[in-house]
Amino acid sequence: MSHVKSKLLLVGEPSSQQHQLVDGLDPSFETLKVASASEAIERIKQGDIDGVYLAAGQLVPFEAAFANEQAGLILNTIGEGVCLVDGAGKLTWTNRKMSGWPSNTIEKVRRTCQHAFALFAHQVSPQVSPSGPDKVPAPSRSKRYPLNIDDQQYLEMIVSPVVAADGKVTQVVAVIWDATGTRRLQQKIDTIDRAGRELVRLEGEALSKMNVGQRLKLLEEKIVGFTRELMHFDHFIIRLLDRRTNKLELVITTGLPQEALNIDLFADKESNGISGYVAATGMSYICADVQADPRYVPGLDQARSSLTVPLRLHDKVIGIFNIESRQTDAFNEDDRQFAEIFGRYVAIALNILDLMVVERVSTMHKVSDDVCSEIAGPLNDISLDVTSMMEDFIGNEDVRKRLSAVLDNVGAIQKSLRQAVSGPQNVLGAGDHKVTEDPILAGARVLVADDEPNIRLTISEILRKYHADVTVASCALDAIARIGETEFDLIISDIKMPDKTGYDVFAAARKRNTTIPVILMTGFGYDPHHSIVRASQEGLSAVLFKPFRVEQLLTEVRKALQATALQSTAAKAGG
């Protein structure tokens, strides 16, 4: 039976006395000789050495070599890049992590280290004492540098001086890590802060000059812009919940095909897609793979993943915010958190527009008080969300500083709302109005729908004086029936009627003829079914606030009829 000999590594040249000890070892040992401690370390790494015998004078070199080997193992295992740079700017050593980086990144690190070396060399010098130079080097703090790599990657590095006994800097050592995720997180927080401030900022003088259509257009542009910048995606849809029907009505969309927009969805956990589930439960939903998720309802062409969050006003879900991507697993928990906060701002902004639709208020301060009262809860919710996130980022002062700025912004928003005004509060001047000939109105077929007899009668009498052909309807169902029977040039409808809404009238008109202009009217109160928001997205001509002047009515009527005439002329010319 053969016996496997144990391997003994002999390091260095043994003395005569040590030779006798080695020769006297049990014959079962196989002795292997190496000349230096560094060779011994390399041989030991092969893993088959059973013992080490150090010749005289080899203990200290062996310990140093072993320590260097362990240090190298650590430096090559950690996830950060590490390097040494000398005074000439030469990269004398890099760990395995850094050696795998692109050459332009390594070069940027090298140049930064060379710059740091020059600063350290200027700062660090021997301290002079009465007895002569003190060999203890003066302390010098490390320096921190941010590195931007082609606007795609953000590195951070700490550079420290290696100071010799005589006080001179001989090298610098740098530790470098990838801070791209943190930087992008900070950018998202900055964007949320700016987006929230812009979405709900109400400047009295500027806003008072806008009608609701203009305000909605401005809000839509802001939401689209901030969604692209914040979430870095171009395909999303906002639906608002009609509590009367439980339907999720389309309000704002970009990048989604028409067939996806035509799908009717309701706030229900079952059989109404992810949007219906989110609206019914109030819980956000990350769909990592649409092909593997039975709740997903087809939206974006070639979609692979989606993120849907509720639009919340305090404790109520008023709609959903859905983002889609052509990449699988495109959304993470950070995206969800930020989308939820951004969604609160969107909900507040849309609600403010509803609150701005008022008929009679005694003073501007009452309007702003109403608005502040309505959004106090949602703003507090944002504060709670951000405060919770700050706890998650304890130790990351950059992120916490930006989150703190969001909290400060909530207070600033509440102050700015005091500047809000509802626009001019005018009354009808039918009795004093003087009629002149107007070829634009003459012969125009106009449908006027309003459940208030006085409004219905006043508008119809004014338009008839201009020789318009006016049909009146006392309710929305009557108006919808007449739209199905007659071709009109213009439809004027109240928003709030007992049976149906102004949007229902608008939708019936659009179904009959997509070019029919529609003007909606609203009186005191809000727009609970979001008729203005929804219709404006689909081409609403104008909104009139009761009570309004005759001149306002005629101005909007002329604009609507002229726009239709121009479209007709252009179509004929193109044909």
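Residue numbers run from 1 in the order of the sequence given. Just so it is clear, the model here is predicted, and its values are computed rather than measured.
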All heavy atoms of Val518 vs all of Leu540, minimum pair found to be O-CD1, 3.2 Å
Are the side chain of Glu324 and the backbone N or O of Leu300 linked by a donor-acceptor pair below 3.5 Å?
-> yes
Salt bridge between Lys97 and Glu80, side-chain N to carboxylate O under 4.0 Å?
-> no
Do the side chain of Thr555 and the main chain of Glu551 share a donor and acceptor less than 3.5 angstrom apart?
-> yes
Does the Arg312 side chain pair with the main chain of Gly282, one donor and one acceptor, at a distance under 3.5 Å?
-> yes
Of all heavy-atom pairs linking Asp450 and Met521, the shortest is OD2-CE, 3.4 Å
Indicate yes or no for a side-chain donor-acceptor contact from Lys511 to the backbone of Gly484 under 3.5 Å, with no hydrogens or angles considered.
-> no
Give a yes or no on whether the backbone of Phe488 and the side-chain of Thr486 come within a donor-acceptor separation of less than 3.5 Å.
-> no
Charged N-O contact under 4.0 Å between Glu340 and Arg336 | yes
Full working for side chain to side chain contact (heavy atoms under 4.5 Å, CB included) between Phe226 and Tyr345 | CA-CA 11 Å; Phe226 287 130; Tyr345 279 122; over 6 Å; no
Evaluate the side chain to side chain contact (heavy atoms under 4.5 Å, CB included) criterion for residues Ser325 and Phe331: first the C-alpha distance (whole Å), next the side-chain angles of each, then the deciding distance (0.1 Å), finally the verdict.
-> CA-CA 9 Å; Ser325 172; Phe331 305 93; 4.0 Å; yes
Is there a side chain to side chain contact (heavy atoms under 4.5 Å, CB included) between Leu407 and Ile382 once you walk through the steps?
-> CA-CA 8 Å; Leu407 291 177; Ile382 291 175; over 6 Å; no
Between Asp504 and Thr501, does a side chain to side chain donor-acceptor pair (under 3.5 Å) hold up when you go through it step by step?
-> CA-CA 5 Å; Asp504 294 321; Thr501 70; 3.2 Å; yes
